[in-house]
Amino acid sequence: MTDDGTAAAATTSPLGYEQARDELIEVVRRLEAGGTSLEDSLALWERGEELAKVCRHWLEGARARLDAALAGPAEDEG
């Protein structure tokens, strides 16, 4: 994969959910379009896996916060 700075940027600053999601969409689009070398395709796949983990982390955190918020008032009322 050509070095466009995205891997370095990802390691130096955490990505927000929307940033990771948008980059993941672009990675999938590029993989589906084809026309890349095997090496580039593998690098894109690996980047996609990293981005999916970032998205999953954000979503799990949001779910935990939502669960806590929903459980909080019920515990106070009881």
Side-chain angles (χ1 to χ4, degrees):
M1 181 172 167
T2 58
D3 183 17
D4 60 0
T6 54
T11 58
T12 58
S13 65
L15 288 174
Y17 172 77
E18 289 81 6
Q19 292 170 306
R21 181 203 58 211
D22 291 347
E23 188 178 340
L24 180 56
I25 290 168
E26 178 62 19
V27 166
V28 170
R29 185 195 64 73
R30 289 177 62 190
L31 284 169
E32 287 178 341
T36 57
S37 69
L38 177 60
E39 183 177 309
D40 287 350
S41 294
L42 287 173
L44 283 168
W45 180 270
E46 290 170 346
R47 181 65 180 152
E49 290 290 330
E50 293 172 12
L51 292 165
K53 286 179 187 176
V54 170
C55 290
R56 191 167 29 253
H57 172 77
W58 278 103
L59 292 173
E60 288 170 355
R63 169 56 71 187
R65 289 177 63 190
L66 180 60
D67 289 345
L70 293 174
E75 291 174 0
D76 292 342
E77 293 174 10

- Message: Measuring from atom CZ of R21 to atom CG of L51, what distance do you get when rounded to the nearest 0.5 angstrom?
- Response: 12.0 Å
- Task: Identify the two heavy atoms, one from Y17 and one from W58, that lie closest to each other, and give their separation to 0.1 Å.
- Result: N-NE1, 3.6 Å
- Backbone N/O of G16 and side chain of Q19: donor-acceptor pair under 3.5 Å: yes
- Message: Going by the rule salt bridge (charged side-chain N to carboxylate O under 4.0 Å, His left out), which residues pair with E26 if we only count those two or more places apart in sequence or in a different chain?
- Response: R29
- Quick one: name the residues clustered hydrophobically with I25, using the 4.5 Å side-chain heavy-atom rule over I, L, V, M, F, W, Y, and just say none if it's on its own. none
- Message: Return the NE2 to NZ distance between H57 and K53, rounded to the nearest 0.5 Å.
- Response: 13.0 Å
- Reported SG-to-CD distance for the pair C55 and E50, which is rounded to 0.5 angstrom: 12.0 Å
- Task: Just do the side chain to side chain contact (heavy atoms under 4.5 Å, CB included) check on L24 and V54 with the steps written out, would you?
- Result: CA-CA 10 Å; L24 180 56; V54 170; over 6 Å; no
- Message: Restricting to salt bridge (charged side-chain N to carboxylate O under 4.0 Å, His left out), what partner residues turn up for R63, sequence neighbours left out?
- Response: D67
- Task: Under the side chain to side chain contact (heavy atoms under 4.5 Å, CB included) rule, collect the residues that match up with L31, sequence neighbours excluded.
- Result: V27, S41, L44, W45
